[in-house]
Every structure is written in C-alpha cells, then in structure tokens.
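Within every chain, numbering begins at 1; the chains are lettered A, B, ... in the order of the sequence lines, protein sequences first and strands thereafter.
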Amino acid sequence: MKLALSGLVCGYGRRPVGPVGDRIWSDSGLHALIGANGAGKSTLIRTLAGLQSPLAGTVHLGAKDVHRMRPAERAQFVSFVASTPPSASGLTAGEVLHLMDASNAERHRALERFGEAGWWNVRLSELSDGQRQRVMLARAFLQDTPWLLLDEPTAFLDAASRTRLFGHLNELAARGKGVVITTHDLHLLRGQPALRTVNVLGKAWRELPTEASISDWESAL
Amino acid sequence: MNRARWAWLMGWGVLAFLHVRFGSVASVWEQAWSGSGESAAMGRTILWELRALRVVLASAAGAGLAVSGLLLQTWFHNPLAGPSVLGISSGATLGVAVAILGGSASFALFGALIGSGVVLAVLWMVSRRFQSPVTLLVFGMMLGYVVGALVNVLQVEASKEALQAFVFWGMGSFSRAQGMWTFGVVLATLLGVGWAWFRAKSLDAWTLGPLTASSMGVSEGAIRTGVVLVTGAIASVVTAACGPIAFVGVATPHLVRMAQRGRTHRALLPNVVAAGATLALLADGLVRLSGGSWPLNAVLSILAGPVIVYVLLKKTWTP
C-alpha cells in the first residue's frame, strides 16, 4: 500500500514546522526521517499517522486520505508508537496487549519478541521507560497494519534491544510492511537491509542515498 | 467474582439492612412484618417509602458520583479529578441559590437542574475547542469560582431565613428522598455505568495517552462527549436531589484501587459502583446516628479526606 504525501505542510496553529513534503513511498521497507532537534520529525510522523492535522497538503494511504478516515478505520492501516511511553498507566503489559485483536498465544509471543515474558503481569507504571517502550512496540506490532510509524523508538532502549528492534523491522519489511522511523541512531540505521530512503529534514526536505557513509549523512543534518 | 467485590457488596448489604432495620421510630420493623391493620401499614410505609427509598437514593448517588470520579480521573490523567471540579455542582448551587434566596424555595430542585444544565452545555460547547483535557479542567475550575462568587453576592443580598435554608441545603443530605428524584438519580447512574462498561476498552486505551489511544482507533471526540455528558448528567440530578455532595467522587476510585490489583475499567467499574454506594451509606448511617444533626458533607469529608491525603503521600497513583 502506497503512502503518498503531496504539498504537505505540518505545524501547529498557523506556525509551520519543518519543510514541505512531496513524496510517494510505494515500497515496502524502512523509511528513515533524520534531522537535528526541532527539525520537525515528530510533527511530521504524527501528521503521517493521522494524529495531527496538516496546515496544508494531504497524506494518502492507497486511495484514502489519512486525515479523512475515522480513527477506527485509520487504526487498520497505520499503527504508531509515540516517542515517550506512557508512564502513568496502571495496566499490566498483558492488559495492554489484551486491547489488541489477536489470540492470546500471539500476544504472549509479541511480548517475548519485543520485551520479556515475565512482564505480562507487571504494571506499566512499575516498568522502566525502556521496558514500557518495548511493550508499546509489541502492542503496535499486534495491530498488524500495512504501515508502522515509530517516533524515535530506540531512544529509551538498551543497545541489545535496539539491534533486536531493527532485526524485527527488517523482518516486517520482508513481509511487505512499510515502516517509517524517526531516529538519531545513524550508526544502527546504516546498512539495514530493508532501508529504502533516508530523509533529512532541514530547510528543505532532502533524500540521501542509503549507501552513503555516516559522515555524509551527518554533514547533511 | 473476586474478593474485593465480595467485600464491597457485603459491606453495602450489611449497611443497607441496618438502615432499613433501625431508625428513630422504634419497633417499626416488628410492626411492618407481624403487626396488623393500621400499625402494620404505617410500619411498611416508614420501612419502604422512607428508609428503603433513602437507601436507594444514597446508594445510587454514591455509585453515580464514584463512577463520575473514575471517568474523570481516567480522562484527565489526574488523581484529584472528580465531579465537583468541572463546575457542574457550582452551577447547580447557583440555580438553588437563585431559587431559595430569591424567595421561591419550592423551585430549588429545578433551579439545581437548570443551573447544572447550563454549565454542562457551556462545558460541552467549549470542550470541542480545547486541545487538552487539562485546559478544560482549568476552565471548569474557573467557571466554578465565578459561579461561586455570584452565589456569594446573592447571599449578601438575601434574607436571614432564606440564607439559612440555603446553607442547610449546601450541607447535603439523603433525607430528602422523593420517588421522582430518586428515580432520576438511579436512571442517570445506570446510564453512566452502562456507557462506561460499553466504552471500557477505549477508556483503558486512553490511559496510554491520547496519541496512542487515537492511533488504536479510539475517537477522542466520542470519549470527551461521553465523559462530559455522563458526569454532567449524574452531577446535575444528584446535586438537585441531595445537594452538593463532597468527596465521594474523588475518593471512591482510590479506595477501590487500594483494595485490588486490577486496573482495567471492567475490573474497576463494578467495584467502584459498590464502593461508592457503600461509602454513601456509611456516611448517611453516621448522620442518622447523630439524629440527623451532623452535616452529611462534614461526615464525608472526615471519612474521605484522609484517603486522598494517603494517595498523595504514597505517590503511587496510576489511573
């Protein structure tokens, strides 16, 4: 399913944030949004997820406008993981995964994949930020949508979990899913087999060759 | 059924029985069951139309306010949210103040309904324009202050007798139970519980934050409209029937969370209903033991205040 941005201007109120976007991502695969702090990565990815209205332009998933879908319909096409995991929820990891349409076996498998089986009966409020974020990744994975939008999913994760997460994302891409990720983890990003585009948000929106060196990417920020 | 639910239901059952069994008129119980003729009829009237009806009103009001508290705490992500924070009971108070202090005390109940209805309508209209629940919380509090100030002005201008009647109303009471108003409170509470049960999964998702909930398919607008209407309707009829009732709404969900581990709304709701009814009956029992002289709101504050302080001190609050 194609994700298409045309004349997209993101922002708040009347204040635009970040560059204008015109893109068509027809591929399944991993699309990275990189940029300095305040470049507008989070605003853009929230707008792509349909969680924030654009100031101008549109985001289409296939033939449908993301911002004209009802939340329940949108949730079948796009899943989203916010940059900060919820800290105040008293739900256990198992209860969070129970909110998703899946079998119990699938829920347990998802938790083992992204987190640890032992967290099933532990409250989110009793987990660390990184552990919570991994529960939220398992939750988004269970939503099983054609597109997964992840806002700095590695920010709270330990080194081993970061590597594992990219492994899972490659797997998802191999199964035909599209993944958009904002990240500062350029070293991890480089060389991921599923990586299709590297997008730098600056004054303008630039696309860099995926095979360029890290220093090329960094100098573009 | 879990242990906490049994405990709440048992507590409620015992209190409800005591309420119906004992009262200021002695031997009513015996007369109603074993007496004959006029005294038996009188006994039954006191038993059902006074004592039992009062139990129903107190239970339904307590349960309704407690469910409102649960919904507002979930929606605002705030442990101190409760039905009195949105200014709805202040609106009811203004309506009653206009009626009583204006000299037509018989319209007090309708004054409460109209006052809270107006505040509710304002809240609902502005709630769609506010981005975050916290903004609405602050708006509701400000509205409450302004309305409270208007009530103060009215009080200064009122006659002595009218002022006394108004202060008396403000203390809250379950003794004014009448069939129609009790029915209204029961109906609003049932509607509220039903809505919350139906939306339980969305409310669970809401504890993960608005962005995540929305990405999971939860309609923010549907939740907001539901919470505002449900809590508003319950606060309106309860305040009209019993006066402004303090603390049940804020404290009950905390009491329930202390006694159980489950935090999903399907696990919390039945127990919040039972605990709210129990707390209201307990407070009303103390009021009746004092011969009706202790103000209900004072008793409730003494019972529930420490609960809230305890929650704040433990700092382990989770919705």
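Side chain of A:Arg107 to main chain of A:Ala102: a donor-acceptor pair is present (N/O by atom type, distance under 3.5 Å, no hydrogens or angles).
Annotation: maximal heavy-atom pairing with chain A below 4.5 Å, among B:Ser214, B:Ser219, B:Gly209, B:Pro210, occurs at B:Ser214. Contact tally against chain B (heavy-atom pairs below 4.5 Å) for A:Met100, A:Met136, A:Gln52: the top residue is A:Met136. Considering only heavy-atom pairs separated by less than 4.5 Å from chain B, the leading option among A:Arg74, A:Met69, A:Glu73 is A:Arg74. Counting heavy-atom pairs closer than 4.5 Å to chain B, the top-ranked of the candidates A:Val78, A:Leu51, A:Thr92 is A:Leu51.
Heavy-atom distances place no part of A:Arg132 under 4.5 Å from chain B, backbone and side chain included. The contact between A:Asn121 and chain B is made entirely by backbone atoms, counting heavy-atom distances below 4.5 Å. Residue A:Gln76 does not touch chain B at all, counting heavy-atom pairs closer than 4.5 Å. Proximity to chain B (any heavy atom under 4.5 Å) is shown, for A:Val81, by neither the backbone nor the side chain. Contact annotation for A:Arg70: neither backbone nor side-chain heavy atoms come within less than 4.5 Å of a heavy atom of chain B.
A:Arg113 is linked by a salt bridge (Lys or Arg N to Asp or Glu O under 4.0 Å) to A:Glu171, counting only residues two or more places apart in sequence or in another chain.
Other residues, nucleotides and ligands contribute only 12 or fewer heavy atoms inside 6.0 Å of the OH atom of B:Tyr145.
Contacts between residues 149-166 of chain A and chain B, counted as heavy-atom pairs separated by less than 4.5 Å, involve no residue at all.
Below 30°, between 30° and 60°, or above 60°: for A:His98 and A:Trp120 the angle between ring planes is above 60°, a perpendicular geometry.
When only modelled atom types and interatomic distance are considered, B:Ser116 and B:Thr239 share no side-chain donor-acceptor pair under 3.5 Å. Side-chain atoms of B:Trp12 and B:Ser59 form a donor-acceptor pair, as typed in the model, at a separation below 3.5 Å. Neither side chain, A:His60 nor A:Asp65, offers a donor N or O lying under 3.5 Å from an acceptor on the other.
In this structure, B:Arg266 forms a cation-pi arrangement with B:Trp197, its terminal cationic atom sitting closer than 6.0 Å to the ring centre and no more than 45° off the ring axis.
Two rings, from A:Phe114 and A:His168, have their centers less than 6.0 Å apart.
The shortest side-chain heavy-atom distance between A:Trp119 and A:Gln131 falls under the 4.5 Å cut-off.
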